[in-house]
Amino acid sequence: MAVKTSKADKKIAYDKKLCQLLDEYSQILVVAADNVGSNQLQNIRKGLRGDSVVLMGKNTMMKRSIRLHSEQTGNNAFLNLIPLLVGNVGLIFTRGDLKEVSEEVAKYKVGAPARVGLIAPIDVIVPPGNTGLDPSQTSFFQVLNIPTKINKGTVEIITPVELIKKGEKVGSSEAALLAKLGIRPFSYGLVVLTVYDNGSVFSPEVLDLTEEDLIEKFATGVSMVTSLSLAISYPTLAAAPHMFINAYKNVLAVAVATEYSFPQADKVKEYLKDPSKFAVAAAPVSVSYADVGDAPVKEEPKKEEPEEESDDDMGLGLFD
């Protein structure tokens, strides 16, 4: 007969496992597990098996284990996890690429019906069309103010209707209607809330940033530093080229306005005295027909044909 494990032994085993995972893994995804069933969670574990481990548990137990392990190891970075353990959450320890693991977790979403009392995560819109319900079912539609008509002995919805708005509770009438129409509007799965990486905590949106996004943000930051440095006349590496150019312009303006000169200003002064020296005459462009193609054929001038001599020119009439 198998010996039943006591609650104390289970807590000790859980604490040991959590501390071992904290030592072995440096990357952790904090995920929300609302409305996720055991079978669905088991499939996620199978899909992540190899380089990731999913650990669920009570928040108080996880917080206590993390706090004690941080004191024992002297690693205060683990304490950054404690404020994140709020609500129905779990931890995914991974050695793989964080973006790829997040995408893999997002694949395991299961459609779910609208149950009474649930908070709608999205807007629920009932599309127009034939419902397949007999005319005796029109009371559901009348209660929810959904325009319908009877077509070929069945109820047909005329226009699309926003049945439930995001954030609203699902009522009994809405749940019954969606069940009759066979609509499963919601889908649930593990949702990544926060990313922990070697003591740093950041939003999962950071994982979606591309190299082009990083370059654009870096260029924007450099531009802001340059503008601030120029405004307060504080030299920085980003503003140094602009400061040198502005200084050169100021010195050049002084040289042009006075007799003071330096090699770089001599050419500017010479140009201001006689701009014609720097004018470049445009050379006539000769076009070769051999380069362009066949030379155009010159049209020969038309020779005027001599008019035929008439009888009048000979001084003879028709009847002479």
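What you see is a predicted model, and the numbers here were worked out from it, not measured in a lab.
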Query - Members sharing I12's hydrophobic cluster (side chains within less than 4.5 Å) - result: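 Other cluster members: none.
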Can you hop from [X] to [Y] via hydrophobic side chains spaced under 4.5 Å?
X    : Y   : value
L98  : Y25 : no
L85  : L21 : yes
V191 : V54 : no
M62  : L68 : no
V86  : V31 : no

Query raised in the report: Would you say N246's side chain and H242's backbone share a donor-acceptor pair under 3.5 angstrom?
Result: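 Answer holds: yes.
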Query raised in the report: Does E174 reach the main-chain N or O of V124 with its side chain, forming a donor-acceptor pair under 3.5 Å?
Result: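 The answer is no, because no donor-acceptor pair under 3.5 Å joins these two groups.
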Atom [atom1] of residue position [X] - does it have more than 12 heavy atoms of other residues, nucleotides or ligands inside 6.0 Å?
X    : atom1 : result
N39  : CG    : no
Y234 : OH    : no
L214 : CG    : yes
R64  : CZ    : no
K63  : NZ    : yes
R115 : CZ    : no

With sequence neighbours excluded, what pairs up with [X] under the side-chain contact (heavy atoms from CB on, under 4.5 Å) test?
X    : value
S6   : A8, D9
E168 : I164, K165
Y108 : N43, I44, E104
E212 : T210

Find the distance between [atom1] ([X]) and [atom2] ([Y]) and round it off to the nearest 0.5 Å.
X    : Y    : atom1 : atom2 : answer
L118 : Y188 : CG    : OH    : 4.5 Å
M56  : R45  : CE    : CZ    : 7.5 Å
Y196 : Q27  : OH    : CD    : 11.0 Å
I28  : L91  : CD1   : CG    : 6.0 Å
L190 : D34  : CG    : CG    : 10.0 Å
I122 : S187 : CD1   : OG    : 6.5 Å

Given side chains that start at C-beta, do those of [X] and [Y] come closer than 4.5 Å, heavy atoms only?
X    : Y    : value
K169 : I119 : yes
V116 : V170 : no
L29  : V195 : yes
N145 : V161 : no
T138 : I150 : yes
V143 : L177 : no
L84  : L193 : no

**Report entry** Listed partners of Q20 passing side chain to side chain donor-acceptor pair (under 3.5 Å), at least two apart
**Finding:**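 Side chain to side chain donor-acceptor pair (under 3.5 Å) list for Q20, sorted by chain: E24.
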Query raised in the report: For N35, which residues count as a side chain to side chain donor-acceptor pair (under 3.5 Å) partner, sequence neighbours excluded?
Result: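 Applying side chain to side chain donor-acceptor pair (under 3.5 Å) to N35 gives none.
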Report task. With sequence neighbours left out, write down each residue that passes salt bridge (Lys or Arg N to Asp or Glu O under 4.0 Å) with K99, or none if nothing qualifies. Result ->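 Partners of K99 under the salt bridge (Lys or Arg N to Asp or Glu O under 4.0 Å) test: E103, D208.
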Throw together a table of side-chain donor-acceptor distances under 3.5 angstrom for residues 178-186, partners on residues two or more places apart or in other chains.
from	atom 1	to	atom 2	distance (Å)
K180	NZ	Q137	OE1	3.4
R184	NH2	G111	O	2.7

Locate the shortest heavy-atom distance separating [X] from [Y]; write the atom from each residue and the value.
X    : Y    : answer
I146 : I157 : CG2-CG2, 3.9 Å
C19  : S65  : SG-O, 4.3 Å
L41  : V36  : N-CG1, 4.2 Å

Query raised in the report: Which pairs with one or both residues in residues 48-59 pass side-chain hydrogen bond (donor to acceptor under 3.5 Å, both in side chains), sequence neighbours excluded?
Result: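 Every pair satisfying side-chain hydrogen bond (donor to acceptor under 3.5 Å, both in side chains) with a residue in residues 48-59: S52-T94.
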Could you tabulate the donor-acceptor pairs under 3.5 Å formed by side-chain atoms of residues 71-81, not counting sequence neighbours?
from	atom 1	to	atom 2	distance (Å)
T73	OG1	H69	O	2.7
T73	OG1	N75	N	3.4
N75	OD1	A77	N	3.1
N80	ND2	A77	O	3.4
N80	ND2	G199	O	2.8

**Report entry** Sole residue of L48, V53, V30 in side chain to side chain contact (heavy atoms under 4.5 Å, CB included) with I92
**Finding:**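 When L48, V53, V30 are each tested with I92, the side chain to side chain contact (heavy atoms under 4.5 Å, CB included) holds only for L48.
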In a table with atom names and distances, give each donor-acceptor pair under 3.5 Å that connects a side chain of residues 221-229 to protein atoms at least two apart or in another chain.
from	atom 1	to	atom 2	distance (Å)
T226	OG1	V222	O	2.8
S227	OG	S223	O	3.0
S229	OG	V225	O	2.8
S229	OG	T236	OG1	3.0

